[in-house]
Amino acid sequence: MSSRLLRLVVLYGGVSAEHDVSRVTAAHVLAAADRAKYDLVPIGIAKDGTWLRNDKAMAAIAEGTPLPDVLEVAGSVVDPLTELRGHADEAITVVLPLLHGPHGEDGTIQGMLELFKLPYVGAGVLSSALCMDKAMAKIVAAQAGIPQCKWVEFRDGVDDPDTIVSRVVEDLGLPVFVKPANLGSSVGISKAHDERELDAAINLALRYDNVVIIEEAVTGREIEVAVLGDTAPETSVPGEIEPGSEFYDYEDKYVTGAAKLVIPAALPDAALTEARELAARTFTAMRCTGMARVDFFYEADGRGWLLNEVNTIPGFTPGSMYPKLWEATGVPYADLIDQLVTFALEVHRRRVGFSTEH
């Protein structure tokens, strides 16, 4: 590839339970990115933490041949520092992390990239960690006055395991949703209808994290808004998820595809405007940059808009809600990638411009 092209390193795979979701996302991003603008470098992170440059995918990109729908984590073993920083004679490198879940979406990779002084797409260290930790995100949202459903936090080794079930029943009632605090893609999430199911759901969530969030079951519509930008973010038209099962779980998202995505959501104009304003406000409160998908519940005859969660590395396949929302708003998939790279460069220039002298 010509050294005049911007070198776009796509990181995928990772060590979290969302490894396979990331491989699908990466394949579609690489297929959609403009090869006339970017020297595309796919680097997979294996479940044991090994970094591998996918030479087969790079050859396919160079030859203009199709990529598989799911990208392998295979190829030449590389040293992260050498691979990311060892190209001083080439065009600038921008890193696009597509690592869903812990050790990818939680600020760890972002911190490494900042130490390497590399521009990267998406939220910074603080915002990534905050939005990944559903418990801390709820605390910040509450401080910012953003409406949300009632919840109870359980910390293994800190809170009393013998009283958590009775406390949840007393504070929230049943049914409830139980989630690991630091995971996404609906991994480890259960809906508990009685005390026995609640106890089992907490134990399942504890397989993935030592902090568990238990939320009241909201009878409302699931509405999502895509956000793009920095200090003055833009928002997409809101979309609605109509789950194919009792709730929008992992199978619904990535296996059966039974969920229906309705874009734009069939809501009054005033409600749609309010959702977009609240999404931008949430994005700013959580210190997000680049991209995020802000998920809400909507109680039409109740409390109105309730924040569910903020995803700083949302699903990015052509069938995922984030790019579909932007497509419906007038930003095609390839243009969306371009805008994210532009924001990455702008944020990086600002970040490295701050003085470190006393």
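Of all the heavy atoms in Gly315 and Ser320, the pair that sits closest is O-CB, 3.2 Å. Annotation for Pro180 and Lys134: closest pair O-NZ, 3.5 Å, computed over non-hydrogen atoms. Considering all non-hydrogen atoms of both residues, Ala137 and Cys131 come closest at CB-CA, 4.5 Å. The heavy-atom pair separating Gly239 from Met321 by the smallest distance is C-CE, 3.7 Å. Contact record, Pro323 with Thr317: CG-O, 3.0 Å, taken as the closest heavy-atom pair. His103 and Ile109 get closest at one heavy-atom pair: O-CG1, 3.6 Å.
Val95 is listed as a side-chain neighbour of Leu11, based on a closest heavy-atom distance under 4.5 Å. Leu204 places none of its side-chain heavy atoms less than 4.5 Å from the side chain of Val178. Looking only at side-chain heavy atoms (C-beta outward), Ile223 and Glu240 come within less than 4.5 Å of each other. Within the 4.5 Å cutoff, the side chain of Phe283 has no heavy atoms near those of the Val310 side chain.
A donor-acceptor contact shorter than 3.5 Å is absent between the side chain of Tyr333 and the backbone of Trp326. Under a 3.5 Å cut-off, the side chain of Glu327 and the backbone N or O of Lys324 do not form any donor-acceptor pair. Side-chain atoms of Thr289 come within 3.5 Å of backbone N or O of Gly122 as a donor-acceptor pair. In this structure, the side chain of Asp159 engages the main chain of Arg155 through a donor-acceptor pair within 3.5 Å. No donor-acceptor distance shorter than 3.5 angstrom exists from the side chain of Glu277 to the backbone of Leu272, with no hydrogens or angles considered.
Here Pro264 pairs with Val237 under the side-chain contact (heavy atoms from CB on, under 4.5 Å) rule; sequence neighbours left out. Applying the ring pair (Phe, Tyr, Trp, His ring centres under 6.0 Å) criterion to Phe297, with sequence neighbours excluded, gives no partner residue. Applying the side-chain hydrogen bond (donor to acceptor under 3.5 Å, both in side chains) rule to Arg281 yields no partners; only residues at least two apart in sequence or on another chain are considered. Residues passing the side-chain contact (heavy atoms from CB on, under 4.5 Å) test with Thr65 are Ala60, Glu63, sequence neighbours excluded. Among residues two or more places apart in sequence or in another chain, the side-chain contact (heavy atoms from CB on, under 4.5 Å) test is passed with Glu197 by Ala192, His193, Asp194. For Arg349, the side-chain contact (heavy atoms from CB on, under 4.5 Å) partners two or more places apart in sequence, or in a different chain, are Leu345, Glu346.
Side-chain contact annotation: Tyr120 with Glu114, donor-acceptor N/O pair under 3.5 Å present. In the model, Tyr12 has a side-chain atom that pairs as donor or acceptor with a side-chain atom of Asn54 under 3.5 Å. No side-chain donor-acceptor contact under 3.5 Å links Arg287 and Ser127.
Other members of the cluster containing Leu126 do not exist, because no ILVMFWY side chain is joined to it at under 4.5 Å. Cluster note: Val352 groups with no other residue, as no ILVMFWY side-chain heavy atom lies under 4.5 Å from it. Other members of the hydrophobic cluster containing Trp151, listed by chain and number, are Ile213; membership follows side-chain contacts under 4.5 Å among ILVMFWY residues, whether direct or relayed.
Listed by first and then second residue, the side chain to side chain donor-acceptor pair (under 3.5 Å) pairs that reach into residues 297-307 are Glu216-Arg303, Glu299-Arg303, sequence neighbours excluded. Sorted by first and then second residue, the side chain to side chain donor-acceptor pair (under 3.5 Å) pairs with a member in residues 168-180 read Lys179-Glu215, Lys179-Asn308; sequence neighbours excluded.
Other residues, nucleotides and ligands contribute only 12 or fewer heavy atoms inside 6.0 Å of the CG atom of Asp269. Remark: Arg221 CZ is packed, more than 12 non-hydrogen atoms of other residues, nucleotides or ligands lying under 6.0 Å away. Other residues, nucleotides and ligands contribute at most 12 non-hydrogen atoms within 6.0 Å of the CG atom of Asp69.
Look at Asp160 and Arg167 and you find no salt bridge, because none of the NZ, NE, NH1 or NH2 atoms lies under 4.0 Å from a carboxylate O.
Here Thr108 contributes atom OG1 and Leu113 contributes atom CG; the two are 9.5 Å apart, rounded to the nearest 0.5 Å. Separating the CD atom in Glu83 from the CG atom in Leu52 is a distance of 10.5 Å, to the nearest 0.5 Å. Atoms CG and CG, on Asp295 and Leu306 in that order, are 13.0 Å from each other to the nearest 0.5 Å. Within the model, atoms CG of Leu172 and NZ of Lys150 stand 6.5 Å from one another, a figure rounded to the nearest 0.5 Å. Summarising the geometry, atom CG belonging to Leu71 is positioned 12.0 Å from atom CG belonging to Asp20; distances are rounded to the nearest 0.5 Å.
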- Query: Can you check side chain to side chain contact (heavy atoms under 4.5 Å, CB included) on Ser76 and Arg53, steps first, answer last?
  - Reply: CA-CA 5 Å; Ser76 302; Arg53 186 180 59 241; 3.8 Å; yes
Assess the residue pair Met132 and Thr312 against the criterion (side chain to side chain contact (heavy atoms under 4.5 Å, CB included)); give the C-alpha distance rounded to whole Å, side-chain angles, the decisive distance to 0.1 Å, and a yes or no. CA-CA 8 Å; Met132 190 71 218; Thr312 55; over 6 Å; no
- Task: Run the numbers on Arg293 and Ser236 for side chain to side chain contact (heavy atoms under 4.5 Å, CB included), then give the verdict.
- Result: CA-CA 10 Å; Arg293 195 192 69 235; Ser236 73; over 6 Å; no
**OP:** Applying side chain to side chain contact (heavy atoms under 4.5 Å, CB included), run through Ile164 and Val152 and close with a yes or a no.
**Re:** CA-CA 9 Å; Ile164 182 60; Val152 169; 3.9 Å; yes
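Shown are His28, Met291, His100; of these, the side chain to side chain contact (heavy atoms under 4.5 Å, CB included) with Phe316 is made only by Met291.
Put simply, Ile241 and Val225 are part of two different groups of oily side chains (I, L, V, M, F, W, Y) that touch within less than 4.5 Å, one to the next.
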Output side-chain donor-acceptor pairs under 3.5 Å for residues 334-341, partner residues at least two apart or in another chain, one line each.
residue: Asp338; atom: OD1; partner: Tyr38; partner atom: OH; Å: 2.5
residue: Asp338; atom: OD2; partner: Lys37; partner atom: NZ; Å: 2.6

